[in-house]
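So the structure is just underneath, and the comments pick up after that.
Only this structure's heavy atoms are used, side chains among them; waters, hydrogens and symmetry mates stay out. All values derive from a computational prediction rather than experimental measurement. The chains referred to below are lettered A, B, ... by the order of the sequence lines, with proteins before strands, and numbering in each begins at 1.
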Amino acid sequence: MTETGADTIIKFDKVVKRFDTFTVIDELDFEVKRGEKVTIIGPSGSGKSTVLRILMTLEPISGGVVYVDGDTLWHEKGGNGDLKPASESHLRKMREKMGMVFQQFNLFPHMTVRRNLTEAPTQVLGMPKAEAKQRADELLEMVGLTAHADKYPHQLSGGQQQRVGIARALAMRPKIMLFDEPTSALDPELVGEVLGVIRRLAEEHDLTMLLVTHEMNFARQISDRVCFFDRGKVLEQGKPEDLFTNPKEERTREFLKAVLEDN
Amino acid sequence: MLFGIEWDTSSTWAFATSILPILLIGMWVTIQAAVVGFFIALVLGLVWAALKAAPLKIISWPAIVVTEFLRDTPLLIQLFFLYYVLPEFGIVLPAFMTGALALGLQYSAYTSEVYRAGIEAVARGQHEAARALNLSGTRTFTHIILPQAVPRIVPAMGNYLVSIMKDVPLLSVVTVLEMLNVARIIGDRTFNYIVPLSMVGGIYLIMTLIASGAVRLLDDKLPKRGIPLK
Ligand SMILES: Nc1ncnc2c1ncn2[C@@H]1O[C@H](COP(=O)(O)OP(=O)(O)O)[C@@H](O)[C@H]1O
Ligand SMILES: [Mg+2]
């Protein structure tokens, strides 16, 4: 079944994504190793979110094959070994491997913080309520929000809400965490507390992390690898110290210069 | 005499007080018809809205056609259909049930639109978060989307409750003894229309004011919890 090496957990094989006739992802080849922390940077509209959304099965692909954890994501093997489009049950099975943190948090506003964390484990994993609650409280402690468990999301600051968002995704025990600009919607003074939580997660070496961010210093500190996306392709990638200090491509240099001037 | 209650035509005041209990019996029928019809509209409208939102065209299309039909034909035609045509297929309902069903059917087309707008107003990110957490489509609809849509739809639904109450007199054409029909019968028999009709108008005014007030109260009491209401 494994089309990929055992240490490869994500593989994009000539993946194409079109919206109508507009090609957003263009024959993308991209791999992530088990436990690897990869940061995706690149100009707005280059397809960074789309890559994460394809992985989270929020956006179907138009061509190519995506492999996750040794299985095809958007395809299933038919009887004759051919690949056919994945059924919803296959997608449900694959989705369990991943968790996503959204730029706009997307917490459930009508549920308490704790309920945001227990809803999916009880409903999807069939976890007993007491166990889900205990797990939720552990996660809330980890993100420093124990005192806020019974509040509603709108009673929290943006930084606190995003920490709930991270805890909620972790409650499903994913192997892969996807972060789509988790601090871009936050006031500058609240960015640090969210990055702090992500930094602690990055120290867990089993967890594979894919992070889209404009926080270049943070990316440099926590990533094993940085990928520069441009027009739906990986234009350049490498160890953070190489890519940030010695970019080879002109467009990477321009981008880094623009972003660093911004900060 | 109606419902075993005599009227007293000796003076306007005596007449009014003597027919009040009769009218109140009619009012009770009116309220029941409105409530049953509204309940049918609330449940059926939600079913239509869910079907119309279905990704499969073979599911959404019939629901769209049926609700368009219900909305774009007069209530009276639907009422006649249920009352005169259904029995030909062996389905004979009491006049009251026929009337309440007709009201419920027509208003389900309206309420389905209210649900649809309320559901569509829930941010796309909520669907995405639910999907990322692997919640089932049904669970997402009933526990994530619908609770956020409800506070948005209560005021519009309240307007339909008032409006359905005002449509109940149409049921008199299929012999339902609702309040206006009762008033008309009293008028026919006493040749005094002005008193019973004025009283019905007054009672209606009180009923709709109470209903609107109750809806507003419910709207105020409903927990909004940071749900963005535009
Ligand atoms: N649902 C959609 N329909 C049409 N175009 C889209 C849609 N989603 C994204 N796009 C387009 O795809 C491109 C890449 O988007 P995205 O992956 O969000 O970029 P990034 O996250 O790098 O800013 C953008 O040009 C965007 O306008
Ligand atoms: Mg983006």
Side-chain angles (χ1 to χ4, degrees), chain A residues 49 52-53 55-60 88-89 91-113 115-126 150-156 161 164-165 167-174 176-180 185, chain B residues 42 46 49-51 53-60 114-157 218-230:
Chain A
S49 296
L52 298 197
R53 292 168 56 78
L55 281 167
M56 199 60 254
T57 72
L58 299 176
E59 211 69 80
E88 181 57 28
S89 71
L91 291 175
R92 284 182 70 81
K93 189 185 82 188
M94 296 302 288
R95 231 177 259 142
E96 285 192 1
K97 303 172 190 293
M98 287 161 285
M100 184 153 178
V101 174
F102 300 89
Q103 187 176 346
Q104 301 297 338
F105 327 139
N106 297 348
L107 298 180
F108 304 132
H110 58 301
M111 294 180 174
T112 62
V113 165
R115 182 73 198 283
N116 264 274
L117 269 63
T118 56
E119 170 71 12
T122 52
Q123 291 306 314
V124 180
L125 307 178
D150 295 311
K151 291 191 180 165
Y152 287 89
H154 75 278
Q155 297 170 299
L156 305 183
Q161 289 189 47
V164 175
R168 182 177 68 174
L170 289 172
M172 294 297 278
R173 300 182 186 278
I176 303 167
M177 280 287 281
L178 309 167
F179 296 86
D180 191 4
Chain B
L42 283 183
L46 183 58
L51 293 178
L56 287 177
K57 285 226 160 51
I58 31 168
I59 297 175
S60 61
V114 176
Y115 282 120
R116 191 190 55 75
I119 288 164
E120 280 178 8
V122 176
R124 199 174 64 136
Q126 293 291 305
H127 292 269
E128 297 185 343
R131 193 166 151 92
L133 290 166
N134 231 345
L135 293 173
S136 70
T138 317
R139 184 78 189 176
T140 301
F141 186 69
T142 57
H143 282 73
I144 306 298
I145 306 305
L146 208 50
Q148 297 184 57
V150 165
R152 294 173 223 260
I153 64 185
V154 164
M157 289 301 184
L218 176 65
D219 191 30
D220 288 345
K221 283 273 145 61
L222 220 56
K224 305 278 192 329
R225 296 191 193 117
I227 298 170
L229 303 162
K230 259 171 270 158

Practice task
Name all residues meeting the side chain to side chain contact (heavy atoms under 4.5 Å, CB included) criterion together with P153(A); count only those two or more places apart in sequence or in a different chain, and write none if there are none.
Solution key: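 For P153(A) the side chain to side chain contact (heavy atoms under 4.5 Å, CB included) partners, ignoring immediate neighbours, are L107(A), N116(A), Q161(A).
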Problem - Choice from N134(B), L133(B), I144(B) maximising heavy atom contacts with chain A below 4.5 Å - result: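 Result: the option with the highest number of such pairs is N134(B).
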Problem - Top contributor to chain A interface from A123(B), A129(B), G137(B) [non-hydrogen pairs under 4.5 Å] - result: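 Of the options given, most contacts go to A129(B).
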Check each atom of [X] against the heavy atoms of chain B and say whether the ones under 4.5 Å are side chain, backbone, both or neither.
X: E88(A); value: side chain
X: R53(A); value: side chain
X: M111(A); value: side chain
X: F108(A); value: both
X: Q123(A); value: side chain

Exercise: identify the closest heavy-atom pair between [X] and [Y]:
X: L52(A); Y: M100(A); value: CB-CE, 4.1 Å
X: P147(B); Y: P151(B); value: O-CD, 3.1 Å
X: P174(A); Y: A169(A); value: CD-O, 3.4 Å
X: N106(A); Y: R168(A); value: O-NH2, 2.9 Å

Practice task
May I ask you to name which of Q104(A), E119(A), M98(A), M172(A) has the most heavy-atom pairs under 4.5 Å with chain B?
Solution key: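 Most pairs with chain B among the choices: E119(A).
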Exercise for the section: Return yes if some donor-acceptor pair links the side-chain N/O of H110(A) with the main-chain N/O of H143(B) below 3.5 Å, else return no. Expected result: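 Judged by distance alone, yes, a pair lies under 3.5 Å.
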Exercise for the section: Would you confirm whether Y115(B), through its side chain, and L42(B), through its main-chain N or O, come within 3.5 Å as a donor-acceptor pair? Expected result: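 Judged by distance alone, yes, a pair lies under 3.5 Å.
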Problem - Proximity breakdown for R131(B) and chain A, heavy-atom pairs closer than 4.5 Å - result: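 Interface part for R131(B): both.
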